[in-house]
Amino acid sequence: MSALAGLYLHIPFCHSKCTYCSFITGSYEDLLVQRYLTALLKEIASTSKLLPPLAQKIDTIYLGGGTPSIITPEWIESLLNACYKHFLVDSSSEITIEINPADINLERLKYYKNLGINRVSVGVQSFIDEQLKEIGRDHSSKEAILAIENLRKVGFDNISLDLIAGLPNQTLKEWKYNLSKALELSPEHLSIYLLEVKEKTTLYAQIRSGKLKKPDDDLAAEMYETLLENLTNNNYQHYEISNFAKSSGNFHSKHNKKYWLDIPYYGLGVSAHSYYNQVRYSNVKSTHTYIEKIENFGQAIEEKVFLDDSEQVREAIMLRLRLIEGINLEEFKATYNFDILATYKEAFSELLENNLIEVTNGYLRLTQRGILFSNEVFVLFV
Amino acid sequence: MLSNIRNFSIIAHIDHGKSTLADRLLEHTGALSQREMADQVLDAMDLERERGITIKAHAVRLNYRAKDGQDYILNLIDTPGHVDFSYEVSRSLSACEGVLLVVDASQGVEAQTLANAYLAINNNLELIPVINKVDLPSAEPDKVKEQIEHVIGLDASQSVLASAKTGLGTEDILEAIVNRIPAPKGDPNAPLKALIFDSWFDNYRGVIVMMRILDGEIRPGMKIRFMETNREYLVEALGVLTPKMKEIKSLSSGEVGFLISNIKTVSDVQIGDTVTDSTNPTQEPFPGFQEIKPMVFSGLYPVDSDKYEELRDALEKLRLNDSSFFYEPETSLALGFGFRCGFLGLLHMEVVQERLEREFSLELITTAPSVRYRITTTADEVLEIDSPSKLPDPARIAKMEEPIITATIMTNDDYLGPILKLLEEKRGIQKGFEYITTTRVMLTYDVPLNEIVLDFYDRLKSVSRGYASLDYHLAGYQESKLVKLDVLVSGDPVDALSLIVHSEGAQNRGRALVSKMKELIPRQLFEVPIQAAIGNKIIARETVKSMGKNVLAKCYGGDITRKKKLLEKQKEGKKRMKKIGRVEIPQEAFLAVLRVDET
């Protein structure tokens with residue numbers, strides 16, 4: 001494995017906040033955005049200085065949010081330039097931006113393309129306008145389709161599309177409709193999430209107050225099964241719990257895979273997370289504090305969690321199991337000097353019995369059923 | 001100086017203001033400065049304070065200069081305020097010459113107040129009615145006086161009107177204590193005779209005994225004997241609570257204080273026992289001693305089986321402070337090694353369980369409470385069994401008897417309908433029905449204790465919106481048609497869930513129980529049938545559907561820590577469950593029977 005690090009830049013601004021989102025985002029205020037991005041530029045520079053040259057080598061850049069497409073393309077350019085200047089960006093790097101369909105037009109997409117961005121993740125979530133409205137998205141399904149058409153026109157050949165299953169009041173029929181619309185657009189990659197209702201979100205409050213009904217677990221499971229059937233029939237490879245890629249070609253998200261494969265990544269920006277040398281870092285969670293800290297100290301780390309060897313191994317197992325291919329047991333043993341099967345023999349016997357995991361051809365992996373109950377497996381490793 | 005001593009207790013219903021009044025008396029007599037006063041000094045245990053009840057009695061010595069210019073010693077002997085502890089109350093009252101009968105000016109006389117007032121009257125004590133909370137807008141002191149006269153039969157014209165909250169009437173109360181409660185009688189020259197009314201364990205000094213000296217005198221160095229347990233000790237130290245412990249040289253006839261004799265064996269000291277001089281003993285012990293008998297039984301098991309030893313140590317330590325509960329090892333097929341414990345009542349059971357969990361950080365499973373049944377076998381043997389699992393084969397049972405209590409319930413007649421219905425459902429037999437005022441009713445019923453321990457008290461509170469009050473005492477045994485109700489989880493009977501119930505209500509109870517279990521058992525990876533059965537006959541069935549999903553989908557920007565936290569939360573949740581076969585059952589499901597709200 002080449003195992004170069006990945007770089008993540010967080011853009012915490014949105015036109016409006018989605019009801020299910022617990023992530024750090026704020027509305028777009030010009031002055032604050034300028035200050036924030038200036039701080040982010042500074043963090044890019046200061047972070048690279050802390051790293052030895054070898055660790056400065058990266059082969060993915062991921063602009064996530066929030067909504068990175070909300071800021072001007074010139075700012076995107078400055079950010080990427082800073083990355084090129086302060087990190088050793090591999091020539092075959094994957095450079096991804098998350099976009100909101102409402103933000104972009106042909107011209108802007110061309111600009112992105114010229115900056116070297118070669119992968120675009122489009123936040124579609126649903127193709128049904130009432131549903132989009134219900135969850136607070138500020139774009140229509142028409143805009144989403146147009147965005148993808150425009151991406152194609154400009155020549156993007158690695159497009160990912162995000163959908164959410166199990167939205168409140170969503171029926172199986174509506175979900176199938178969403179899937180078929182997504183497949184019509186033939187994206188190279190699909191990220192599909194089962195809706196989680198998290199505390200401190202508008203959605204949580206709406207469910208608590210009785211305004212909306214909690215998404216039904218059984219229905220969500222059914223949606224997931226429909227999804228698997230549909231996508232495999234249409235030549236998509238299910239490669240990670242929530243991620244699918246066209247089988248023809250190499251369209252796995254190189255950046256996201258670093259999270260699952262115990263590879264370092266540097267997350268810059270407010271509330272961003274990094275992993276390097278067996279330490280997990282997270283930045284402060286308030287945008288204002290972030291700006292202040294960066295302006296004063298060049299760093300905004302709030303928490304450092306040191307993983308001891310045992311924790312590192314357990315995390316590695318848990319995260320790698322998210323990959324559908326599973327864990328190559330020999331390879332894992334060679335890398336970590338750790339025999340998974342021997343260590344978890346007793347616990348695994350029950351998981352095997354419940355058909356949650358399987359061991360075949362030297363790989364340990366979740367079964368199709370185990371994917372839906374993956375937390376039941378992962379709790380073993382925390 | 002017997003003539004300047006007054007020994008008294010306070011009788012009050014929960015929330016009628018006993019502890020606050022005690023605080024005022026302590027404050028007024030300067031026993032504690034205001035700075036030293038933690039609120040409600042007498043209720044020392046956290047639990048007591050949280051629940052607003054007194055579990056352990058204490059006695060505090062107050063010094064008071066009365067309006068007549070003389071100095072008096074007032075011993076305030078606190079009493080536990082719950083029906084579970086009625087024997088302890090009776091012993092505390094035996095140490096007094098008078099009581100303050102505190103009644104809330106808006107709530108009126110409640111069942112426990114009545115029971116304890118009668119106890120005081122039967123002990124020939126002087127009762128001083130104190131009508132408390134007269135400062136509240138809803139106060140109706142005249143109505144309450146009428147109730148005191150009509151229901152209890154006391155002259156209420158001399159009642160003290162008070163507000164323990166504002167301090168109103170505190171001095172009047174102190175004067176009434178001095179002027180109306182008789183000084184203790186007793187012969188200081190007779191052989192020592194002292195009544196034990198409380199004790200607790202101190203890690204450094206052993207058992208500390210609270211006692212009232214009836215006759216004679218006690219001094220350090222004296223050789224004493226506990227007459228019931230027949231144990232002898234040397235008096236190491238004597239003292240009084242002010243409420244701080246203060247050692248003194250002697251205690252004599254009429255006085256109240258503590259005794260320290262380096263006693264390590266808690267069972268040597270029994271409440272109600274008499275202390276006397278070994279070398280010159282009194283002829284007769286103080287009458288009325290009873291061995292404390294538990295009424296309610298349940299199994300206590302550690303959720304984590306490895307914690308069995310810890311549980312045993314904790315029980316041992318707890319018993320040092322509370323000799324009124326019993327425990328013995330018990331084994332359950334489902335829960336493994338644990339203990340069968342006996343308690344004075346339901347509240348006592350909850351208190352013990354909570355203390356074990358809180359003070360010893362144990363996670364416990366408590367099985368449904370049971371009472372002690374009397375079984376006559378076909379071979380004419382008589383067995384007393386306190387656990388459903390000990391019930392012999394029905395073919396071997398000739399006769400089953402269950403304990404019956406006589407319950408007194410006081411309520412506003414607004415709630416009469418649902419209360420009568422509840423009593424009927426609980427197999428109650430009406431013994432008395434009396435309007436004590438135009439709107440307040442006193443009910444007397446005989447009810448099987450088994451029905452009381454299951455969920456009677458909570459349901460009485462809920463159907464009367466908390467207004468009805470209950471007091472009860474054991475009335476004997478009665479033959480009854482009882483059956484063992486088993487619960488099967490995933491087809492296997494779980495012994496820890498079995499109950500003994502009356503055959504008539506068995507069907508309904510079984511149905512209600514499995515439907516409650518269905519709510520309490522979380523969905524698992526597979527379907528879990530829950531059945532209720534009597535013998536081989538299934539009488540109810542529910543199914544916990546298999547889990548739909550348990551997957552964390554999105555991983556925002558590599559935030560692994562958050563993911564792990566969520567998983568850790570799940571793991572913690574699993575730890576609080578007991579695995580029986582393949583099924584994970586949460587602690588509260590074992591007490592599901594207490595939470596069944598039949599409609």
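Excluded from the calculations below are hydrogen atoms, water molecules and symmetry mates; all remaining heavy atoms, backbone and side chain alike, are included. Here is the naming used below: chain letters follow the sequence lines, and residue numbers restart at 1 for every chain. Every value quoted in this text rests on a predicted model; they were computed, and no experiment measured them.
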Does atom [atom1] of [X] have more than 12 heavy-atom neighbours, drawn from other residues, nucleotides or ligands, at distances under 6.0 Å?
| X | atom1 | result |
| --- | --- | --- |
| A:Glu353 | CD | yes |
| B:Phe337 | CZ | no |
| B:Phe360 | CZ | yes |
| A:Glu358 | CD | yes |
| A:Gln368 | CD | no |
| B:Lys569 | NZ | no |

Salt bridge (charged side-chain N to carboxylate O under 4.0 Å, His left out) involving B:Lys317 - partner list, sequence neighbours excluded: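 Applying salt bridge (charged side-chain N to carboxylate O under 4.0 Å, His left out) to B:Lys317 gives none.
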Who pairs with A:Glu94 by salt bridge (charged side-chain N to carboxylate O under 4.0 Å, His left out), at least two apart in sequence or on another chain?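 Result, salt bridge (charged side-chain N to carboxylate O under 4.0 Å, His left out) vs A:Glu94: none returned.
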As an exercise, state the distance from [atom1] of [X] to [atom2] of [Y], rounded to the nearest 0.5 Å.
| X | Y | atom1 | atom2 | answer |
| --- | --- | --- | --- | --- |
| A:Phe378 | B:Lys571 | CZ | NZ | 14.5 Å |
| B:Leu525 | A:Glu376 | CG | CD | 4.5 Å |
| B:Asn550 | A:Leu194 | CG | CG | 11.0 Å |
| A:Asn375 | B:Lys563 | CG | NZ | 8.0 Å |

For A:Phe373, which atoms come within 4.5 Å of any heavy atom of chain B: side chain, backbone, both, or neither?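 For A:Phe373, heavy atoms of backbone and side chain both lie under 4.5 Å from chain B.
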In terms of heavy-atom proximity below 4.5 Å to chain B, should A:Leu366 be classed as side chain, backbone, both, or neither?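 For A:Leu366, there is no contact with chain B at all, as no heavy atom is under 4.5 Å.
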Does the pair B:Arg562 and A:His273 meet the rule for a side chain to side chain contact (heavy atoms under 4.5 Å, CB included), with working shown? CA-CA 10 Å; B:Arg562 175 180 166 271; A:His273 299 266; over 6 Å; no
Going by ring-ring contact (aromatic ring centres under 6.0 Å, His included), name the residues that satisfy it together with B:Phe526, two or more places apart in sequence or in a different chain.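 For B:Phe526 there are no ring-ring contact (aromatic ring centres under 6.0 Å, His included) partners, ignoring immediate neighbours.
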Sort by residue number and list every member of residues 217-225 of chain A having a non-hydrogen atom under 4.5 Å from chain B.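 Residues A:Asp217, A:Asp218, A:Ala220, A:Ala221 are the ones that qualify, each having a heavy atom under 4.5 Å from chain B.
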So A:Glu350 and B:Arg582, salt bridge (charged side-chain N to carboxylate O under 4.0 Å, His left out) or not? Walk me through it. CA-CA 9 Å; A:Glu350 198 179 323; B:Arg582 298 200 297 163; over 6 Å; no
Determine the minimum heavy-atom distance between A:Arg280 and B:Ile560, stating which atoms define it.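 A:Arg280 and B:Ile560 have their closest heavy atoms at NH1-CG1, 3.3 Å.
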